[in-house]
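These notes concern the structure reproduced below.
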Amino acid sequence: MSGSDGTSQWWRTAVMYQVYPRSFADGNGDGTGDLLGLRARLPYLADLGVDGLWISPWFPSPMADGGYDVSDFRGIHPMFGTLDDADAVLKEARDLGLRIIIDLVPNHTSDQHPWFVAALESDPGSPERARYFFRDGRGSDGSEPPNNWISAFGGPAWSRVTDADGRPGQWYLHLFAPEQADLDWTNTSVLEDFDDVLRFWFDRGVDGLRIDAAPAMAKRGGLPDADYGGVLQFRTVDWDGNPHWDVDEVHDIFRRWRAIADSYDGDRAFVAEAIVNTPERLVRYVRPDEMHTAFNFPYLKGPWEAESLRRIIDATLASFDPVGVSSTWVLTSHDETRPVTRYGRATTSSFFVADGQGEESDLALGTRRARAAALLMLALPGGAYIYQGEELGLPKVDDLPDEVLQDPMFLRSGGVMRGRDGCRVPMPWSGSAPPFGFSPRGVQTWLPQPESWSELTVEAESADEGSMLSLYRSALRLRRTTKGLYAAGLAWRESPSGVLDFDRGTALRCVVNLGPEPVEVPAADVVLCSAPVVGGLLPVDAAAWLLLPSR
Ligand code: NOJ
């Protein structure tokens, strides 16, 4: 699709595949994914039929939060390779027709970033400390945190530093782990340095940037206490007027960045990771002079329930369509419980990562629903995101031993929350036993893979027409080749309770059965289904794509 300004505006309809580099493919045989491995698997992604990749952070990082604690925004983690390897990924992806978005983590730096190291070595009130939020503590001896803010990973959002003389010093703010110190975005040297970071990656040819934790980047002046309404849990929604989330001044930063993106060839895009209170608040992030698109968290987090899904779809379209911004649809990520696990539980909605902890999952049921959910997501108008392994129907690995868990959420909650590692287990590519082609035989992967994944490898699923992988491949191919699909809006048909039934213009009809009984569909028109349509009946927890008879 061509935009009015002559650009392709590829992000309006693209299906992007999220690569978590540590767990995608190991090219150098050390048990950890890397860019050599990613390069070797690019043809797999082109063949899958996605339009591009979103690569989770690949920068140098002490890995206190899986790479979201960056110590150099212009480099590549040696564990993943070099800048030359990154250039090769960009070039080879481009040759295969794949776009690349990388993950910028601007709200915070690692505590090992030279800026933070310099801040610790400098005095209170120094320009080095002014890049972050260093404050004196409350109470006569400063032993109380400067305010009541809490961290997303549990506990207070402040840690106290020890001065050179060994005495307790100031406190610094970290809305995530203590190893992730929040930057003060009112500081000119922070702003100017990041302008340069954007140019550094745009110059290398990235097509866009995903902006991590976008609503966290501005804080209300004076850092007043937050009113958490008695619930000391990082919720990101239901937080009206929160002084450290979705503060209005955050938009000044994105306006500045948009001008930089626009100074390039016009085809560079920002994607907001913005979980905010209402669709109206979210739309502010994608105003014409801010970001280009945003992840759809209400959709990701919604339950497997027809009325609720329909409400979320309608609310999404109602807020994005009028401002001319394309919607996105997403089921999961490196932060979320995998769909086959979530949809197999009694609670099918998701609440950050602590959802469903300890709850049994019926994986056969979850897989049936995840197949249907894939067809629903890929039939909706706009862009979509697929997280690596989703196309294989991988479950969350719920029984990783405690000693391998690395998520700060697990560590900071004293093990109460098991965290996200179970969704980050290395991809199974081939063979019948771990490491399943992820690493050379005999190598232990950084998180252990379950023996039971032998039927979920790319190799096994490629040979099985009924596999999740075959379903994703077929859906992506049809999505690309169905004429008129991208431009068509969505029109609901009347349907029994529990059934979602809509047309995309005259291009495609999608029926999803979340009700208690099979529903009738015109079998002759079915071009793709998540479960066999027998005798004209679409089973429970199944979806079908139909070509409209008028075509
Ligand atoms: C969102 C990222 O997706 C998540 O993995 C990370 O822990 C936080 N932002 C903090 O950067």
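One-based numbering, in listed order, for ligands and for the atoms of each.
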Exercise. Strictly under 4.0 Å, does any heavy atom of Q18 approach an atom of ligand 1?
Worked result: no
For this session: Run the numbers for me: atoms of ligand 1, each under 4.0 Å from some heavy atom of F153, listed by number.
Result: 7 (O)
Exercise. Is the distance between the ring centroids of Y228 and W149 less than 6.0 Å?
Worked result: no
For this session: Answer yes if the ring centres of Y385 and F295 are under 6.0 angstrom apart, and no otherwise.
Result: yes
Exercise. Ion pair present between D196 and R199, side-chain N to carboxylate O less than 4.0 angstrom?
Worked result: no
For this session: Give the ring-plane orientation class for F234 versus W245, where under 30° counts as parallel, over 60° as perpendicular and anything between as tilted.
Result: perpendicular
For this session: For ligand 1, indicate whether the residue M409 contacts it via side chain, backbone, both or neither (heavy-atom separation under 4.0 Å).
Result: neither
Problem set entry | Shortest protein heavy-atom distance from atom 1 (C) of ligand 1, along with the residue and atom involved | D212 OD1, 2.9 Å
For this session: Tell me which protein heavy atom sits closest to atom 3 (O) of ligand 1, plus the residue, atom name and distance to 0.1 Å.
Result: D335 OD2, 2.5 Å
For this session: Under the side-chain hydrogen bond (donor to acceptor under 3.5 Å, both in side chains) rule, what do R22 and Q406 come out as? Steps first, then yes or no, please.
Result: CA-CA 13 Å; R22 201 177 187 183; Q406 306 205 4; 3.0 Å; yes
For this session: State the atoms of ligand 1, each with its element, that fall below the 4.0 Å cut-off from a heavy-atom position in H108.
Result: 10 (C), 11 (O)
Exercise. Looking only at atom types and distance, does a side-chain atom of R160 sit under 3.5 Å from a main-chain N or O of G169, one as donor and one as acceptor?
Worked result: yes
Problem set entry | Numbered atoms and elements of ligand 1 in range of R420, under 4.0 angstrom, heavy atoms | 4 (C), 5 (O), 6 (C), 7 (O)
Exercise. Can you tell which of Y132, F194, F254 makes a ring-ring contact (aromatic ring centres under 6.0 Å, His included) with W185?
Worked result: F194
Problem set entry | Nearest non-hydrogen protein atom, atom 6 (C) of ligand 1 | D65 OD2, 3.4 Å
For this session: Classify the contact between Y20 and ligand 1 as side chain, backbone, both or neither, using a heavy-atom distance cut-off of under 4.0 Å.
Result: neither
